[in-house]
Amino acid sequence: RAQTAATNSAAVDKEFAYEQTLMSAKPIGPADKPWEQSLSTNMVDTAKYKKAPPYRVCFSNASISNPWRVVGWKVMQAEADLHKSEIASLSYADAQDKDDKQISDIRAFVTGGKCDVLIVSPHTSDALTPVVEEACKSLPVITFDRNVRTDCPVTAVRTIGGYAYGMAGANFIVENMPKGGKVLMLRTAPGIDVFETRSDAAAKVFKAAGIKPIGVEFTGADNAKTKAVVSDYLSRVGKIDAVWVDFGAMSVAVAEAFEDAGQDYPIITGEDQEDYLQKWNQEGFKGIAPTYPAYQWRTALIAALDVLQGKPVYGPDWILPQPLITSANLAQYVDPKMPPLHYATCGCETLPGYPERWGGKK
Amino acid sequence: MSSMGAISIWTTEPEALLTMRDISKSFLGVRVLSHIGFDCRAGEVHALCGENGAGKSTLMKILSGAFPADEGTIVLDGTVRRFTHPSQARAAGIGIIHQELSLLPHRSVAENIYLGREPSRGGVVDRARMGRDARRALSRLGSTIEPQAQTGDLTIAEQQVVEIAKALAVDARVLVFDEPTAPLDVVESGKLFRVIAELRATGVAIIYISHRMREVFEIADRVTVLKDGRGMATLTAAQATPDAVIRLMVGRPISDLFPPRATRPPGAVVLQIQDGANGHLAGINLTLRAGEIMGVAGLEGSGKMELARAIFGDEPFTSGEITLLSGAAAAWSPREAVRRGVAFLPDDRKSEGLGLRQSLRDNALVVRRSLSRALALPSRGNRAPAIFDALFRKVEMRAADVDAPVGRLSGGNQQKVIVARWLAAEPRLWIVAEPTRGIDVGAKAAIYGLLRDYAESGGAVLMISSDLTEIIGESDRIAVMAGGRIVVELPPGASEEAIMAHAVHGPQVAEALA
Amino acid sequence: MTRGLASLRRINPTILVFVVLLAAICWMSPLYRTPAGLLSLLQRAAPVVILSCGQSFVLIAGGFDLASGSLITLVVVACALITGGDAGWTWVALLASYGIGAAVGVVNGVIVARGKVPSIIATLGTLLSVKGIAMMWSGGAPGGYLPANLRFFGRYVWRHVPLVGRFPVAVVVLIISIAIMAWLMHGTNFGRLLLMIGDNPRAAELAGAPVRRFRMLTFVISALASVTAGILLGGFSGVSVDVGTGYELQAISAAVIGGVVLLGGQGSMLGAVFGGLTLYALFTLLNLVGFPEPMRVAVQGIILIAAAALSARRGRRI
Amino acid sequence: MSGAAIPRGGLAKFRLPLALVICAAVVYAATALGTAQGEQLSWSGVMGLLQRMVALGIVAVGQTLVLLVGSIDLSVANLISVSAVIASHVMNGNTDAIALGVLAAIAIGILVGAVNGVLVAKLKVSPLIATLGVGLVLQGVLTTSYETLAGSVPASFRVLAYGRVAGLPLAILLLIVVVALAGFVLARTAAGYRLYGVGGNVQTARLAGIRTDRFIIGAHIAASVTAAISGLYLASWLGAGTPWVGRDGGYDLDSIAVVVIGGTLLSGGRGGVAGTIAGVFVFATIDAVFNMLQIDPFLGQVLRGVIVVGAVASYTIRTKAHVA
Ligand SMILES: Nc1ncnc2c1ncn2[C@@H]1O[C@H](COP(=O)(O)OP(=O)(O)OP(=O)(O)O)[C@@H](O)[C@H]1O
Ligand SMILES: Nc1ncnc2c1ncn2[C@@H]1O[C@H](COP(=O)(O)OP(=O)(O)OP(=O)(O)O)[C@@H](O)[C@H]1O
Ligand SMILES: [Mg+2]
Ligand SMILES: [Mg+2]
């Protein structure tokens with residue numbers, strides 16, 4: 001879930017600036033396949049891992065306890081279906097959000113000796129570091145989503161980062177909100193690294209623009225609580241001009257709170273979850289969706305296969321682009337046939353089984 | 001609180017080992033003991049008598065440190081003592097057998113006997129020694145209970161023996177017996193009395209509480225009578241005639257404990273069992289008619305409780321034929337039995353009879369509610385108070401507040417609430433188990449009267465009891481059980497000796513004797 | 001006179017606590033000083049109050065129902081999947097939800113009453129299984145929205161109602177639910193026997209009460225209450241995969257705050273209702289004063305302990 | 001005064017735990033062979049299986065003690081997080097601070113246990129509520145102050161979780177020590193006997209002269225200390241404490257479930273650590289077997305629920321008494 005929050009402010013500033021440049025940088029790789037693109041140009045040689053197919057791929061997953069991970073896991077399985085001839089088996093271990101179970105799962109994979117490559121989506125970076133190091137000794141390892149604090153994996157698939165995510169929404173608010181407008185910041189929970197960086201970035205942007213949010217509230221990403229919090233704020237301050245969220249699952253609840261109060265929609269930031277995109281598209285409020293693309297689940301498997309085939313891969317960090325959905329390109333992402341909890345940056349449109357596999361209607 | 005000042009005022013009598021002076025105690029603002037005093041000498045059996053709720057157990061609990069008195073002093077061996085925890089009383093040499101069984105069902109007999117003072121070396125229990133000592137303590141009571149047996153598997157009587165062994169295993173100078181014989185039969189009681197005699201001979205001061213008047217007169221050197229939380233008098237054995245004691249206890253003489261027997265010939269057959277058998281019982285044949293009270297006697301383990309439970313459907317017969325009011329009673333459960341007009345007064349009222357935190361009203365209405373439609377509420381409306389008044393008058397219940405939790409009542413009054421519950425349901429057959437266990441003589445007379453009235457009005461009663469006096473005094477017929485069988489049926493007024501002969505010697509010998 | 005004092009003492013202290021909290025809320029925020037504001041508070045509190053009442057049946061009969069949160073999730077998922085956003089299927093979805101609820105309740109009841117598995121363990125098992133079923137059915141992320149006519153119960157507010165202005169539909173659902181449950185608990189033999197069963201099941205059985213059947217029914221009632229709460233919650237806030245998470249402990253907490261005694265034999269619907277209201281009012285107040293979120297959890301813990309300690313003090317006066 | 005009930009055989013106590021372990025082991029072995037994963041039966045495979053037991057096993061031993069004494073502890077999950085976080089904060093990568101970190105974690109365990117115990121024994125708060133409340137307080141405080149409590153354990157401390165003695169992981173030794181200690185106290189010492197007494201019936205125990213409150217408080221302290229040890233182990237296993245490690249791990253309800261599966265009565269007074277450890281073994285094999293069979297995680301969740309209920313029902317269903 002998290003690295004410890006960065007406390008060193010100089011380092012924070014540096015990372016902030018770095019991610020800012022990455023957002024505007026042009027990725028290398030095929031333009032129509034963002035999951036094969038990279039913002040880092042560095043490649044690692046994988047000749048020593050080369051093997052003859054078919055491959056036995058093992059995947060230790062933190063969990064599938066939220067819709068993003070569910071969408072992602074289906075993306076990975078669908079990607080595997082594309083490579084039926086090369087993949088003998090895709091063994092899966094689900095750690096149910098338990099670090100200690102994930103460590104045991106990885107060890108069981110290593111001990112079992114039935115894996116040619118190991119993909120890890122770690123639950124907690126620090127916790128998984130030693131066992132990943134252990135695994136690196138016997139087979140090639142790919143990490144994605146969260147990463148671990150070691151260089152031993154062949155590559156760590158990641159997106160630009162939380163700062164980029166956080167600043168995108170905040171910048172949009174700064175640019176579009178009337179002067180002196182009121183901003184409410186909604187956060188999921190404290191102490192979780194990715195959410196911390198997102199809100200740090202937003203707070204920084206607001207501060208630079210001289211905006212002091214009227215409040216920062218934790219909602220646990222719970223819809224009922226989000227609605228109640230927003231309603232309470234509306235009753236307290238009368239009018240709110242923008243709501244910034246660190247997690248897009250809350251956005252529709254925010255919009256509904258305004259509907260229920262009989263008020264006009266403010267600026268609402270979100271994410272590429274379909275319910276938000278569809279609402280945004282329908283109601284035409286001012287919105288923006290930074291993303292945490294679910295196509296990285298494809299990338300991880302692609303990287304694993306590349307490694308086994310001895311093809312060089314981007315590394316040690318494979319930095320994927322992080323598309324920004326704005327009203328200009330909204331039409332490209334919104335799809336009323338997809339279910340509300342689907343993620344639009346799944347990169348799965350061309351995969352076998354789309355859209356039914358993801359709960360969509362033909 | 002007043003104890004320090006009390007020393008100088010109360011000089012203990014030289015021969016008294018234990019003196020309790022001026023003890024007062026209130027629960028929730030209700031005074032249950034008021035300036036009670038009494039003393040007990042070494043080598044004396046001192047009986048405490050009184051109606052249910054008179055305060056006997058409360059006084060003894062104060063003595064044993066279960067809770068402190070509000071006022072008053074305890075002087076033991078010339079020293080003023082104040083116990084705030086049972087461990088202190090025990091350390092001072094006071095042993096007690098509480099009225100309620102207090103054993104751990106999941107622990108072994110030995111573990112129960114030595115609970116709280118396990119023989120140990122450096123904290124590690126010497127289990128071998130514990131087993132040996134437990135066996136010795138039990139055999140002193142003439143018991144062969146296995147020290148390693150799980151206590152919950154024992155019968156209530158056996159558990160009581162364990163309870164006694166537990167108290168005897170303390171080197172007590174004062175030993176309190178609070179109704180020790182309530183669950184025991186005559187044979188076992190006899191063994192206990194022998195032990196008490198031994199203890200007395202070795203100079204132990206013994207305080208003895210029982211509602212069985214005969215025992216009291218048999219073993220007591222002196223008798224102190226309590227009434228409504230006050231001490232009435234202390235009588236010597238010579239002064240303590242049954243009449244005198246009962247008059248002090250009840251406030252009036254009780255001329256006839258038992259009502260006259262059935263006046264009319266028995267009516268239609270209410271219950272008929274042919275060759276009834278289950279895991280505990282075999283070859284049960286029994287016919288019970290309306291208007292009859294049938295007593296069932298037998299030693300512990302004879303199967304008399306099992307018979308009651310089988311008829312009531314708690315542990316039904318697995319073979320044989322049982323007919324109730326001319327309908328077959330197969331696949332029987334307590335609920336089914338209650339529906340068909342059977343009432344059951346369990347022998348263990350705390351664990352099987354009452355919801356202690358529920359009000360008198362709710363406890364008295366539970367059967368009516370069980371029988372009525374689930375979504376109706378029959379106790380609503382103007383009739384409700386009248387029902388209670390009538391019921392509680394019938395059972396001579398003086399408790400006022402029908403909304404108070406039943407747990408606050410004394411044992412006897414609790415029993416009356418259960419009786420009232422069944423009267424309200426107007427049953428056809430009433431199985432009563434130990435109906436007067438732990439009940440004072442006044443209330444006993446009332447319950448005997450109630451049962452007889454019930455029979456006279458056309459009901460049938462099956463009365464299981466370990467108290468031979470009540471078996472003989474109340475029954476129209478007496479069945480004696482041994483080894484899970486009914487060994488003989490005796491006419492009313494059979495002698496204790498005759499009943500015991502069959503109960504002790506079982507079928508074969510009894511026939512030979514006959 | 002002593003009777004008068006006694007009945008005064010019998011007033012549930014939760015009511016007083018609630019009144020104090022409400023006063024504080026009104027003092028903090030002008031919104032809640034209007035009838036419409038109070039009604040919107042009631043609207044949001046409705047699921048917790050209904051859950052607390054349903055849970056109280058189980059608690060009073062001596063058990064626990066930990067499966068209620070999972071069941072809420074299952075209901076919301078089921079409604080989303082059955083309707084797929086199509087208003088025509090709403091009634092089917094509602095019927096199916098109550099059917100599912102009844103089934104879960106019966107399963108819980110049978111495991112506890114017939115299988116004699118302690119209800120904490122039994123409903124822990126169903127908690128896992130029901131949640132797993134919800135996830136399996138939806139594939140982990142339910143497809144489909146809840147149609148507006150289904151969300152009506154939890155979300156819709158009648159406007160321009162005389163006297164109060166705005167009147168949420170959820171409050172009507174709340175009142176009806178409370179009325180039914182209060183009648184069951186206090187106006188029927190069933191409810192009165194539950195208290196006896198919770199106090200001493202063996203005694204109740206030997207007095208002819210259908211102990212196992214009634215115990216089973218308490219789980220069914222609790223489950224049906226969870227379904228109702230789920231419909232309100234789904235209506236209020238839409239589809240998500242963790243709608244119900246944590247509600248089982250909130251329900252138990254609310255009941256305890258309302259003076260329902262764990263392990264049975266004591267409690268009332270009035271207490272359960274005010275326990276639920278108190279818990280929600282507390283959350284609202286902490287929201288209003290801007291107390292940092294994690295510390296609100298801590299405050300909830302302290303309140304819970306205080307309430308239980310208080311009722312223990314009262315209870316000891318048997 | 002005759003009559004003799006069947007004496008309890010010395011081994012009867014272990015019949016249920018043994019049956020559980022054998023069943024689970026057979027299923028594990030059969031799955032490993034049936035799915036051609038024989039390596040899971042190798043020494044390191046089995047050690048891996050056993051290591052799955054450690055964190056839950058240690059805290060479950062403490063949970064056994066509180067359940068035996070008739071109480072329950074729902075605060076262990078959050079206490080595990082607190083202990084892990086505090087330990088890694090105090091150690092902060094510094095080998096010299098290991099002792100201090102361990103001490104700090106244990107001290108907090110003792111403190112929390114004492115609070116739980118006093119609430120339950122002295123203030124008569126229902127143990128479920130008391131420990132749930134304390135757990136919430138811990139969670140709130142921890143989340144609030146987590147950022148200031150960041151830290152990690154030094155590599156030398158990770159030996160606890162990763163080190164081996166003669167091929168046997170140290171962690172498993174630690175579990176064995178905790179189990180043996182608790183088992184000895186319960187089965188052989190006067191304190192253990194009295195603990196059963198207090199759990200069986202507080203009034204009975206009190207009337208037998210036992211200072212009952214001390215046992216209730218003591219059991220709670222013991223449970224909290226095991227939670228703290230579990231937290232230390234997790235800090236060592238994971239390299240740093242996180243505020244969610246206990247909660248995500250589900251150690252509160254899981255520890256209760258394994259104790260009950262192991263045959264300890266929820267109402268107290270009967271049971272023991274042998275059963276508990278068997279229950280923990282069952283849980284560990286469930287995880288391992290589901291992995292080997294590639295069971296869908298959601299289906300796994302359903303099955304886990306069914307197994308918990310089924311395991312307990314298999315021996316409660318024959319009892320005649322009512323449970324709640
Ligand atoms: N814990 C208690 N709380 C409240 N009242 C109590 C408590 N214990 C006893 N009482 C009350 O104190 C009075 C005396 O009870 P006690 O048990 O001493 O009577 P007793 O003489 O032993 O009667 P019995 O012969 O029925 O055993 C009764 O009115 C009883 O209701
Ligand atoms: N008269 C009483 N009847 C029933 N329970 C009591 C009574 N007095 C105290 N208790 C309760 O019994 C429990 C045992 O307390 P007691 O003082 O007997 O021993 P203890 O508290 O274990 O000893 P210590 O406090 O010295 O460790 C306490 O929680 C107390 O509330
Ligand atoms: Mg008494
Ligand atoms: Mg004390």
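Just so you know, these numbers use all the heavy atoms, side chains as well, and skip hydrogens, waters and symmetry mates. The sequence lines fix the lettering, A, B, ..., with proteins before strands; numbering per chain opens at 1.
The candidate with the highest count of non-hydrogen atom pairs below 4.5 Å against chain D, out of C:Ile302, C:Val117, C:Ile120, C:Leu263, is C:Val117. Ranked by heavy-atom pairs under 4.5 Å with chain D, the first of C:Pro201, C:Ser129, C:Ala298 is C:Ser129. When each of D:Ile261, D:Leu128, D:Ile129 is checked for heavy-atom pairs under 4.5 Å with chain C, D:Ile129 comes out on top. Contact count versus chain D (heavy atoms, under 4.5 Å) is highest, among C:Leu124, C:Val58, C:Leu66, for C:Leu124. The most heavy-atom pairs under 4.5 Å with chain C, out of D:Thr144, D:Leu265, D:Val308, come from D:Thr144. Contact count versus chain C (heavy atoms, under 4.5 Å) is highest, among D:Leu74, D:Leu303, D:Thr143, D:Ile307, for D:Thr143.
Both the backbone and the side chain of D:Ala313 come within contact range of chain C, with heavy atoms under 4.5 Å apart. With a 4.5 angstrom heavy-atom cutoff, D:Val260 touches chain C only via side-chain atoms. With a 4.5 Å cut-off on non-hydrogen atoms, D:Leu119 touches chain C through its side chain but not through its backbone. Of the two parts of C:Arg114, only the backbone, made up of N, CA, C and O, holds a non-hydrogen atom closer than 4.5 Å to a non-hydrogen atom of chain D.
At distances below 3.5 Å, at least one donor-acceptor pair connects side-chain atoms of D:Thr316 with backbone N or O atoms of C:Gly115. Using modelled atom types, one side-chain atom of C:Arg215 and one backbone atom of D:Val323 make a donor-acceptor pair closer than 3.5 Å.
At a threshold of 4.5 Å between non-hydrogen side-chain atoms, the residues C:Val256 and D:Ser126 do not count as touching. With a 4.5 Å cut-off on side-chain heavy atoms, C:Ile121 and D:Ile256 count as touching.
The structure places CD1 of D:Ile317 at 10.0 Å from CD1 of C:Ile111, a figure rounded to the nearest 0.5 Å. Going from atom NE2 of D:His322 over to atom CD of C:Glu205 covers 3.5 Å, rounded to the nearest 0.5 Å. In this structure, CE in C:Met136 is found 10.0 Å from CZ in D:Phe298, a value given to the nearest 0.5 Å.
Inspection of non-hydrogen atoms places D:Leu266 of residues 266-277 of chain D under 4.5 Å from chain C.
Closest heavy-atom contact between D:Leu123 and C:Ala312: O-CB, 4.0 Å. Across all their heavy atoms, D:Ala130 and C:Ile305 have their closest contact at O-CD1, 3.7 Å.
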With side-chain contact (heavy atoms from CB on, under 4.5 Å) as the criterion, how do D:Val309 and C:Thr126 come out once you've worked through the C-alpha distance, each side chain's angles and the decisive distance to 0.1 Å?
CA-CA 8 Å; D:Val309 170; C:Thr126 28; 5.9 Å; no

I'd like a table of donor-acceptor pairs (distance under 3.5 Å, sequence neighbours excluded) in which one partner is a side-chain atom from residues 134-142 of chain D, with atom names and distances.
none

